[in-house]
Amino acid sequence: MGFGKKVFILYVFGFLLFDFHCQALVHRHHFVVKETPYTRLCCSKKILTVNGKFPGPTLHVHKGDTIIVDVHNRGKYNITIHWHGVKQPRYPWSDGPVYITQCPIQPGGKFRQKIIFSTEEGTLWWHAHSDWSRATVHGAIIIYPKHGTSYPFPKPHAEVPIVLGEWWKEDVMEVLTTMIVTGGDPNNSDAFTINGQPGDFYPCSKPGTFKLMVDHGKTYLLRIINAGMNEILFFSIARHKLTVVGADASYTKPLTRDYVAISPGQTLDAILHANQWPDHYYMAARAYSSDTAVPFDNTTATAIVQYHGHYTPSLSPSLPYLPYYTDINAAVNFSGSLRSLASKDHPISVPLKVTTHLISTVSVNTFPCPPYHPCEGPNGARFAASMNNISFVNSSIDILQAYYNHVKGVFGDHFPSFPPLIFNFTADDLPLILEIPKRGTEVKVLKYNSTVELVLQGTNLVGGIDHPIHLHGYSFYVVGWGFGNFDKYKDPLTYNLVDPPLRNTISVPINGWTTIRFKASNPGVWFMHCHLERHLTWGMETVFIVKNGKHPETRLLPPPPDMPPC
């Protein structure tokens with residue numbers, strides 16, 4: 001094989017492409033989506049996997065790399081793959097959300113996805129972004145510093161992905177179908193998992209419990225991912241503290257705590273010091289649910305931190321402290337304590353002059369059911385969800401294709417900049433008429449390089465609860481949050497504009513608000529939605545279209561030739 005412009009080299013995780021023009025490494029991977037038999041909780045079933053693994057394969061890259069992933073759908077369902085938290089500069093074509101940036105990869109189909117890493121450094125993850133396939137189709141992404149640079153903390157002895165998930169005994173697609181047909185809440189999961197295993201407290205699960213082997217005196221970087229579908233989680237390790245040093249692939253000031261709170265979609269990098277007496281210790285995860293009226297999975301997943309050495313372990317590993325399921329203060333105090341590193345080597349750039357002010361409610365709603373056909377939602381209605389009183393409806397072709405090719409009638413551009421209905425959003429008793437949203441496919445168009453402030457306002461319609469909101473294509477600064485209704489005169493005075501955390505997913509507290517800021521410097525079509533899967537299914541989502549800039553390097557790149565057909 002001759003050299004020429006590019007050299008192909010066999011690589012451990014796929015193929016490695018070296019481009020002499022740009023001096024960048026392009027890693028190649030092959031994802032085969034297929035059904036694979038798995039046994040959990042004494043029951044066997046087939047689940048959708050990538051390359052037969054649950055969780056799926058971990059991707060290893062360095063900051064600024066590009067990877068090519070050939071996705072081959074050998075399953076029986078349509079599929080898309082999203083690279084959660086990867087900004088994909090000017091290239092939303094591989095971002096993945098179904099009917100937003102692509103049509104699904106149909107059974108038997110293929111799609112070559114190019115994933116472009118830029119400023120991200122730390123832990124992200126990938127997952128399916130169609131129906132509820134992400135329950136089992138997901139995996140970690142580890143982004144190391146650029147070659148020649150290092151972490152802003154002492155290098156750990158080892159790095160370990162800790163992927164938190166949910167498991168249903170029944171087929172998760174049947175859970176989704178039943179929820180849609182009945183209009184009610186979905187069945188709760190039967191277990192939480194840590195790296196695919198429920199742990200010692202579930203039937204038939206003890207032999208498979210994940211074990212983290214450690215040496216006394218050494219440090220371990222835990223790359224924690226909440227891949228769960230519907231629950232925010234508390235996570236901790238018995239008699240050990242965790243020092244958080246990163247969140248959503250951005251470094252943070254070290255924050256040492258007995259526990260962490262992590263929402264679906266979020267990632268945390270936390271250092272574990274193996275500084276306790278050699279023994280076996282449980283790490284554990286269980287739900288945080290701010291609304292006691294909403295059913296949730298109240299089980300506890302465990303794994304074991306096991307010290308090397310010659311000793312007689314305790315008869316039973318020590319259990320960690322975990323806040324109570326409904327401990328709102330524990331959840332918000334943790335997330336509200338995170339700060340960007342904001343150092344010389346890792347600076348931040350908080351937008352100070354805002355050109356585009358937006359406020360959006362995030363609400364659980366209801367739709368009436370047909371006469372004589374009561375549903376299982378509140379008062380015989382169907383559950384729904386909305387942003388700014390619009391419950392999002394997917395179109396028959398993806399919005400990105402329609403935008404790029406100037407196809408009319410696929411979406412509207414009238415997503416409101418402010419709530420169309422003004423009321424006491426967090427009052428205890430709200431009129432039932434306010435529960436019913438409009439249906440629509442409305443997007444918000446932003447000028448290139450505009451600086452955006454978005455206030456996400458929770459409401460108590462149907463019932464208040466935390467909402468982890470994820471924005472594709474961007475990380476954003478979380479400059480403020482609070483309980484109750486946002487006060488545009490008083491609350492901005494409390495903003496942190498010095499070292500706010502840089503996130504891609506943030507939880508809006510129950511009956512409260514969160515303010516984020518970002519610069520709209522990534523042209524394209526970018527999804528924003530609640531990462532509680534039931535709320536996404538019900539319509540709590542919208543789309544930002546960021547227009548092209550004036551120069552070629554500020555414009556949307558053209559699509560690849562193999563975009564999946566609609």
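Checked against the 6.0 Å centroid threshold, Trp513 and Phe483 do not count as a close aromatic pair. Between Phe192 and Tyr202, the ring center distance fails the sub-6.0 Å criterion. Not less than 6.0 angstrom separates the ring centroid of His129 from the ring centroid of His138.
Considering every non-hydrogen atom in both Asp95 and Gln88, the closest pair reads N-NE2, 4.0 Å. In terms of heavy atoms, Gly484 sits closest to Thr426 at CA-OG1, 3.8 Å. Across Pro186 and Trp538, no two heavy atoms sit closer than the pair CD-CZ2, 4.4 Å. Closest non-hydrogen pair, Asp131 versus Glu533, comes out as O-OE2, 3.4 Å. Looking at every heavy atom in both residues, Pro468 comes nearest to Ser263 through CB-CB, 3.6 Å. Shortest non-hydrogen contact noted between Ile225 and Leu124 is CD1-O, 3.7 Å.
Cation-pi geometry between Arg239 and Tyr321 is not met: the NZ or CZ atom fails to fall both under 6.0 Å from the ring centre and inside 45° of the normal. Figure legend: cation-pi geometry between Arg286 and Tyr325, with NZ or CZ positioned under 6.0 Å from the six-membered ring centre and within 45° of its axis. For Lys444 and Trp526, the positive end is not near the middle of the six-membered ring at less than 6.0 Å and at most 45° from its axis.
In the model, Ser189 has a side-chain atom that pairs as donor or acceptor with a side-chain atom of Asp297 under 3.5 Å. Between Tyr282 and Ser318, the side chains place no donor N or O within less than 3.5 Å of an acceptor N or O (distance only, hydrogens not considered).
Between Trp125 and His127, the angle of the ring planes lies from 30° to 60°, which puts this pair in the tilted group. His470 and His529 have perpendicular rings, their planes meeting at more than 60° on a 0 to 90° scale where under 30° would count as parallel.
Side chains of Met229 and Trp168 form a contact here, defined as non-hydrogen atoms less than 4.5 Å apart. You'll find the side chain of Leu212 reaches within 4.5 Å of the side chain of Met283, heavy atoms only.
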(message) Apply salt bridge (charged side-chain N to carboxylate O under 4.0 Å, His left out) to residues Lys169 and Asp190 and explain how you reach the verdict.
(response) CA-CA 6 Å; Lys169 290 181 181 179; Asp190 297 292; 5.3 Å; no

(request) Quick one: do Asp171 and Lys45 satisfy salt bridge (charged side-chain N to carboxylate O under 4.0 Å, His left out)? Show the steps, please. (result) CA-CA 8 Å; Asp171 188 321; Lys45 67 173 183 175; over 6 Å; no

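Under the 3.5 Å distance criterion, the side-chain polar atoms of Thr267 are matched with a main-chain donor or acceptor of Thr123.
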